[in-house]
Amino acid sequence: ASYHESILATYTQSSIVIILVLFLCIGGVGSLIAWYIGKPIHRLNQVANEKDLKRVQMLPNPLSGVSEINSLSRGLSSMADNLADIMQNLEEKVAERTSYLQGENEYLLESSLTDELTGLYNRRGFNLAFEEALALSQQRQQQLTFVLCDIDHFKRVNDEFGHSVGDLALISVAMNLKHHVRLGLDIVARYGGEEFALVFVNTDIDQVLLRLDDIRQGFERNPVVKEEFITMSFGVAHLGEGELSSACELIDQADQKLYKAKNTGRDQVVI
């Protein structure tokens, strides 16, 4: 009995040791399996939480030796590729739409500042350009001349020949005025109705008067339609170097000079 008890005790101890060793081996294998499976899953989770498509697209293929994990990785990468394509197309569409809207805004702005018939500045566009030119010329102490001009007997042109001929007269005036100003420096605008405005920047008054005389001669050489000629009256307000004045004051001065030109024979320049 004593012998059998000692053998049983030895077997029991051996069994316990074997069981402990098995548990340790199972735990080690389980840890290895968990590490082998958990590491790529943790990487997938980390990349997904970063919300960076490029990081997802840079995942290695295969990511793991486990087919299910590789399938999940490929699915996530494919989703990232599709989403990247959608984002790129969306960015292109947004850029295209933005460019279109910018073009529309520029067109609307230009339309709001330009006279449709003559292509010159309208009253609003002229006011903006004139204020800027006046401030710059006074800052630089340069000469500036404002001219207000009006087609003589324009109502008679419309009444006798119709508004289509009147439109031709306005277009003819616009072309003649544009021909005698320096584009980008001087300003020419349709001030309203049959009235036009000119601004000569950093130009001697004698040179301005020569240009106005050339404008008058241009009307004498070129009829508006058939043998019908038009004339214009001019009122001139001039600022010398270093002189200061507001836009309203210059406009009032030129308007008074124009009124005088209209009431003392027309087809003349009054300064």
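Quick note: residue numbers are just sequence positions, from 1.
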(request) Can you measure from CD1 (Ile171) to CZ (Arg190) and round to the nearest 0.5 angstrom? (result)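 Reported value, rounded in 0.5 Å steps: 9.5 Å.
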(request) Walk me through it: do Arg123 and Asp115 pass the test salt bridge (charged side-chain N to carboxylate O under 4.0 Å, His left out)? (result) CA-CA 8 Å; Arg123 181 71 168 269; Asp115 177 60; over 6 Å; no
Contact summary for [X] and [Y], nearest pair of heavy atoms:
X: Gln138; Y: Ser245; answer: NE2-O, 2.7 Å
X: Ala169; Y: Phe154; answer: CB-CE1, 4.1 Å
X: Ala254; Y: Leu148; answer: CB-CB, 4.0 Å
X: Ile187; Y: Ala133; answer: CD1-CB, 3.8 Å
X: Lys257; Y: Ile271; answer: NZ-C, 3.4 Å

(request) For residues Phe146 and Phe130, establish whether the separation of their ring centroids is below 6.0 Å. (result)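 Ring-ring flag for Phe146/Phe130: true, centres closer than 6.0 Å.
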(message) Before we go on, tell me: are the rings of Phe229 and Phe219 under 6.0 Å apart, centre to centre?
(response)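 Ring centroids of Phe229 and Phe219 are no less than 6.0 Å from each other.
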(request) Answer yes or no: is there a donor N or O on one side and an acceptor on the other, between the side chain of Gln268 and the main chain of Ala261, under 3.5 Å? (result)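 Judged by distance alone, yes, a pair lies under 3.5 Å.
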(message) Test your reading of the model: is there a side-chain donor-acceptor pair from Arg216 to the backbone of Met232, 3.5 Å cut-off?
(response)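 Pair absent, no side-chain N/O of Arg216 close to backbone of Met232.
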(request) Check each of Thr145, Thr203, Asp186 against Arg211 using the side-chain hydrogen bond (donor to acceptor under 3.5 Å, both in side chains) test, and report the only one that passes. (result)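 When Thr145, Thr203, Asp186 are each tested with Arg211, the side-chain hydrogen bond (donor to acceptor under 3.5 Å, both in side chains) holds only for Asp186.
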(message) Is there a side-chain contact between Phe234 and Ile215 in this structure, where contact means two heavy atoms from C-beta onward sitting under 4.5 Å apart?
(response)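 They are in contact (side-chain heavy atoms under 4.5 Å apart), so the answer is yes.
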(message) Within the supplied structure, the quantity of interest is the number of heavy atoms (other residues, nucleotides, ligands) at a distance under 6.0 Å from Tyr191 OH; does it exceed 12?
(response)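 More than 12 heavy atoms, drawn from other residues, nucleotides or ligands, come within 6.0 Å of this atom.
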